[in-house]
Amino acid sequence: MFNRDNWKEIFDTIQKNKLRTFLSGFTVALGILIFVVLYGFGNGLINTFNEFFEDDATNTFFVFPGRTSMPYKGYKSNRQIEFDNSDLADIEESFPLFLEYVSPRVDRSGMVKYKNESNNYTTRGVSESYQFAEKTIIMKGRYLNQEDIKDKAKYAVIGRLVEKDLFKNESALGKYIDITGSVFKVIGVFQDDAGDDEERRIYIPYTTRQLIEKNTDKINQIVIGFKPEIGYAGAMAFEGQLGKFIREKKYIDPNDQRGFFIRNVADQLKQNQQFAGVLQIIVAFVAFGTIIAGIIGISNIMVFVVKERTKEIGIRKALGATPKAVISTILLESVFITTVSGAVGMIIGVGMLSSLGDTLKDYFITNPFINMGTAIFATIVLILFGGLAGYIPARRAARIKPIVALRDE
Amino acid sequence: MIEIKDLHKSYKMGNNSLHVLKGINFKVEEGELVAIMGSSGSGKSTLLNILGMLDELDEGSYTLDGVPIKNLSETKAAQYRNKFLGFIFQSFNLINYKSAAENVALPLYYQKVPRKERQEKAMQYLEKVGLKPWAEHLPNELSGGQKQRVAIARAMAAEPKVLLADEPTGALDSKTSYEVMDLIQKINDEGNTILVVTHEEDIAHMCKRIVHLKDGVIVEDKKVEQVRAEQYV
């Protein structure tokens, strides 16, 4: 098989039948290429899904107040539910087993000024633990701390782009900015993986916000971080108990779906991962189909090739070619072509995927990739079947009586 | 060299059986140049195919150079063909994507002759048929007579015991036919055994012996005075 003469003979045949070689090679290369690219896109979709959640912590609930839709315990329907500081303390007290942190969230939008520069930004009143929920990364200075909250300090932590907008090339740290009429000292600058919107925010202590707003104790939303080790089941149980607790405290009918809302990030993540998993299965199925189509393609070409070469096989047999020699020539040729073009298709595919990177992000495909093991496995499968596809007609051709083969025109 | 006894051959055509050869007894000595003649359907090509181990006989016996040819496996038949026989076909049967020299070297490839020796031998035989300058040409760049001469060189390259020619001049005009016959006569002069199937009288008379086949039996077997083709070239 590894005789130099055999290979010379095969290379001669390949060289002198360029169209045939090109067609079979093209089929195989295309099959592998499409497989690799599709599979990579599947992985890219999963990456996108994961990225949606990557910039925020996933062990988080967001609790929003709503308006009741049922009368309950003497309260009328259509009552606005409000949260206040006591709710924070109560939640903290009631769920020590589950809880990692609680933070309120009070969003206000307004004009922010520094010297001659001004712009409209969302200012978010939070507590020090909100940093974990948003996975905020401090670039310089520091985040809010417990003291700031307690002292109702007029401190602000601003986004990277806020600094860029208002301070140009200056450092904002230690400077004073005007947020809707109140002066705050910038104590930190942050960045956030979620992008521009998040980086145009300003964090201040929620207590300071309440003080500005006539010393109220109302809060918009409650952000709750649970201990990651309680797991998915624990999170679901916690969500149930938390809901019950709020209903009791705020007198909301157990069947009222509109009094308040809990957004459970862990649950959403899990659902999305399942969705992505199903997508991946569908993509793998399509990719597998492509491989099958490739196998059928190469089989067809091999049948045609052997048919076309029937007369040549007859001549060779008349000149003394044994059936084994006939089969091995055709088989080695087909395996050689599939191996080379399969490798080419695979390399082009992998190259395409890695050069794409984030360019298809708008189509929900992020960093598409395929692990080499899968790509090589698919290539080997195609080579094996390409070989088999060559072997069956070659064996049949080798069995034809030379006299029959010679008559073939 | 060749000995055939009571050879029968029939072909199945659906439900009918076509009895082509009906008891042939035939002997060829070494160095003979035999023409097998007959109208189409007389069984002459079938006889040649059996002699060439391209087809199998139904009944009778066939001995080639003392070796009984019977129930051969495909592999064995291929080896015997390679060792004993050289073929010259009416339609030349050259491999169209191989050059003249590569075509001539092909039987040697199956004899596992080393590459260098193969090339040397191929050139040597191409020279013999006067086509050395065309060694690198592809068959479709050659005329019919040249193609047949390449085929003859190929048949001889393996140095077979017997050359079998099936209508070697069938596709050629008379001038080229005589050139080819001249070549065949010269090869025979060197002591090679050659069988030529033909239906042309003048070609047959350029051999030394004519065997007439009719309806699957030999009706005439005579030695003739050889007409040299040289004088017509």
Side-chain angles (χ1 to χ4, degrees), chain A residues 1-24 304-330 332-333 337 394-409, chain B residues 9 11 45-46 48-56 72-99 102-119 138-139 151 154-158 160 164 166:
Chain A
M1 188 187 260
F2 297 103
N3 180 321
R4 187 169 157 259
D5 261 356
N6 285 350
W7 284 109
K8 173 84 173 69
E9 182 71 21
I10 287 159
F11 286 134
D12 276 358
T13 317
I14 287 174
Q15 250 174 21
K16 283 164 185 167
N17 296 282
K18 288 200 179 74
L19 181 68
R20 189 170 80 196
T21 308
F22 172 75
L23 281 179
S24 32
F304 168 73
V305 162
V306 169
K307 182 86 197 130
E308 191 199 48
R309 293 177 77 177
T310 304
K311 187 167 179 135
E312 183 196 329
I313 291 166
I315 298 170
R316 284 173 184 270
K317 288 186 87 175
L319 297 178
T322 57
K324 206 180 125 200
V326 169
I327 293 174
S328 76
T329 311
I330 293 176
L332 281 182
E333 190 188 316
I337 294 173
R395 195 187 55 180
R396 200 188 315 142
R399 278 185 185 160
I400 302 174
K401 284 184 183 171
I403 184 69
V404 177
L406 279 172
R407 255 188 242 130
D408 187 84
E409 286 300 333
Chain B
K9 174 78 187 174
Y11 289 109
S45 284
T46 307
L48 197 78
N49 288 335
I50 290 171
L51 291 175
M53 288 180 252
L54 296 176
D55 212 342
E56 285 158 7
L72 296 178
S73 71
E74 277 281 352
T75 310
K76 205 82 192 146
Q79 285 164 354
Y80 281 3
R81 274 198 293 273
N82 191 262
K83 208 163 94 184
F84 291 133
L85 302 166
F87 292 94
I88 301 160
F89 301 96
Q90 179 177 359
S91 52
F92 324 125
N93 281 342
L94 299 175
I95 292 176
N96 55 20
Y97 61 85
K98 285 183 175 287
S99 72
E102 285 167 336
N103 264 290
V104 175
L106 202 57
L108 299 168
Y109 169 73
Y110 289 115
Q111 276 183 355
K112 309 217 186 309
V113 173
R115 182 172 169 70
K116 222 172 158 157
E117 203 182 321
R118 249 167 29 214
Q119 285 168 335
L138 291 176
R154 183 178 67 182
M156 290 172 60
L164 300 172
D166 187 2

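Residue numbering restarts at 1 for every chain, and letters A, B, ... go by the order of the sequence lines. The figures here come from the full heavy-atom set of this structure, side chains too, leaving out hydrogens, waters and symmetry mates. The structure displayed is predicted, hence computed values, not measured ones.
For Glu102(B), the part sitting under 4.5 Å from any heavy atom of chain A is the side chain, from C-beta outward, and nothing else. Only the backbone of Leu94(B) comes within less than 4.5 Å of a heavy atom of chain A; no side-chain atom from C-beta onward does. Only the side chain of Tyr109(B) has a heavy atom closer than 4.5 Å to any heavy atom of chain A. Of the two parts of Ala321(A), the backbone and the side chain both hold a non-hydrogen atom closer than 4.5 Å to a non-hydrogen atom of chain B.
Within the 4.5 Å cutoff, the side chain of Lys317(A) has no heavy atoms near those of the Asn82(B) side chain. Using a 4.5 Å heavy-atom cutoff, the side chains of Arg154(B) and Leu319(A) are in contact. The side-chain heavy atoms of Leu106(B) and Arg316(A), taken from C-beta on, include a pair separated by under 4.5 Å.
The line from NZ of Lys311(A) to CD1 of Ile95(B) is 11.0 Å long, rounded to the nearest 0.5 Å. Separating the CZ atom in Phe87(B) from the CD1 atom in Ile315(A) is a distance of 12.0 Å, to the nearest 0.5 Å.
Interface check for chain A: of the options Lys98(B), Arg115(B), Lys83(B), the most heavy-atom pairs under 4.5 Å are formed by Arg115(B). When each of Gly52(B), Pro107(B), Gly86(B), Ala77(B) is checked for heavy-atom pairs under 4.5 Å with chain A, Pro107(B) comes out on top.
For CZ of Phe304(A), the number of neighbouring non-hydrogen atoms (other residues, nucleotides, ligands) closer than 6.0 Å is 12 at most.
Between the side chains of Tyr97(B) and Gln15(A), no donor-acceptor pair of N or O atoms lies under 3.5 Å.
Considering every non-hydrogen atom in both Glu74(B) and Pro323(A), the closest pair reads CB-CG, 3.4 Å.
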